[in-house]
Participant: 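What follows is a structure written as structure tokens; I'll ask about it next.
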4 protein chains.
Amino acid sequence: MNDHTKQDATRRLASAAGHIRGIERMVADDAYCIDVIKQIQAVQAALNKVSTMLLDNHLRTCVTTAIQGDDAEEREKMLQEITSVFAVTGKK
Amino acid sequence: MNDHTKQDATRRLASAAGHIRGIERMVADDAYCIDVIKQIQAVQAALNKVSTMLLDNHLRTCVTTAIQGDDAEEREKMLQEITSVFAVTGKK
Amino acid sequence: MNDHTKQDATRRLASAAGHIRGIERMVADDAYCIDVIKQIQAVQAALNKVSTMLLDNHLRTCVTTAIQGDDAEEREKMLQEITSVFAVTGKK
Amino acid sequence: MNDHTKQDATRRLASAAGHIRGIERMVADDAYCIDVIKQIQAVQAALNKVSTMLLDNHLRTCVTTAIQGDDAEEREKMLQEITSVFAVTGKK
């Protein structure tokens with residue numbers, strides 16, 4: 001992972017964790033359920049951003065190296081992994 | 001929100017926040033990007049459970065009260081809110 | 001289902017089916033994969049609209065009737081069904 | 001697109017279009033809304049399969065060629081496209 005991605009992902013993950021702590025307080029304070037659900041949806045969207053950023057970084061580093069390299073098995077593993085996280089994202 | 005839902009949601013949110021802190025450490029330790037993405041997807045699935053649980057509780061309390069009550073405007077607001085969180089979930 | 005929802009849903013479903021037929025032709029004509037995927041995503045978004053519209057109608061008719069009625073079992077079934085389609089949508 | 005993917009995608013798209021036509025008939029016959037929504041969700045899951053299959057093919061052909069090639073701009077375009085369909089899928 002390059003440094004910029006690492007810092008950006010870390011910052012966004014810390015923010016998501018903080019957001020969830022805030023949602024816990026909303027629940028403790030008997031906030032309106034729909035407002036809580038909306039905040040949960042906002043965290044999920046923020047996490048999608050992190051995944052997308054990490055995938056972008058992964059494609060530019062490991063996947064590019066594997067595709068340019070000679071190890072067919074490694075290349076195959078890389079491609080299957082991308083397809084697999086794409087499939088799960090479509091289900092989430 | 002009834003007490004059982006409140007406790008269960010709080011416990012699951014605390015666990016999701018802890019999970020995200022763990023993902024931050026994975027990023028700090030240069031974990032493999034695809035593994036990080038899979039953990040993020042696991043948190044998102046866990047958050048979906050919380051939303052579903054809160055919606056269930058909401059339907060049994062506020063929505064039921066509104067539909068059985070006489071305030072047409074309140075009822076309308078409730079129904080639109082449910083449709084709206086459903087639409088967003090379909091987009092996330 | 002009220003008449004307006006029925007007509008609107010039918011029109012949107014026919015349009016989605018036509019859209020998919022168009023995507024079949026794109027595949028036959030060797031269109032660029034990413035363009036095909038984007039069209040598939042557009043159909044999925046259009047289908048989400050139909051689901052949301054049907055849910056809205058369902059809440060205003062069957063669910064309202066059940067919640068105002070005396071059949072506790074029927075009411076319970078209705079609420080569980082809504083939670084269940086919400087949970088699946090979050091996974092898709 | 002290789003021939004196998006082309007045939008498989010075509011067959012699945014035709015099946016999805018037929019499925020939607022069936023859903024139109026359900027609406028015409030006043031089927032229960034929740035049953036209609038479940039069928040729509042099944043079509044969306046089937047379409048996800050097609051997208052995943054096309055992405056897999058795309059990675060093995062165009063993306064591999066671009067990454068092994070000398071055209072930096074083309075390579076950049078490919079990587080951005082993958083990230084972009086991934087991001088949209090996460091929102092759908």
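Convention: sequence-line order gives letters A, B, ...; per-chain numbering from 1.
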Participant: Does the side chain of B/I82 come within less than 4.5 Å of C/F86's, by heavy atoms?
Facilitator: no
Participant: Which one wins on heavy-atom pair count under 4.5 Å against chain C: B/E76, B/M53, B/K49, B/Q80?
Facilitator: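 Top option by heavy-atom pairs under 4.5 Å: B/E76.
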Participant: Taking all non-hydrogen atoms of both residues into account, name the closest pair between B/T83 and C/T52 and its distance.
Facilitator: CG2-CG2, 3.2 Å
Participant: Starting at CD1 of B/I67, measure out to CZ of C/R60 and round the result to the nearest 0.5 Å.
Facilitator: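 If we round to the nearest 0.5 Å, B/I67:CD1 and C/R60:CZ are 9.5 Å apart.
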Participant: More than 12 non-hydrogen atoms from neighbouring residues, nucleotides or ligands closer than 6.0 Å to CG on B/D70, yes or no?
Facilitator: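 No.
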Participant: How long is the straight-line distance from CG of B/N57 back to CG of C/L79, given to the nearest 0.5 Å?
Facilitator: 11.0 Å
Participant: Which one of C/Q68, C/R75, C/M78 has the most heavy-atom pairs closer than 4.5 Å to chain B?
Facilitator: C/Q68
Participant: Examine whether an atom of B/S51 lies under 4.5 Å from a heavy atom of chain C, and if so say whether it belongs to the side chain, the backbone or both; otherwise answer neither.
Facilitator: both
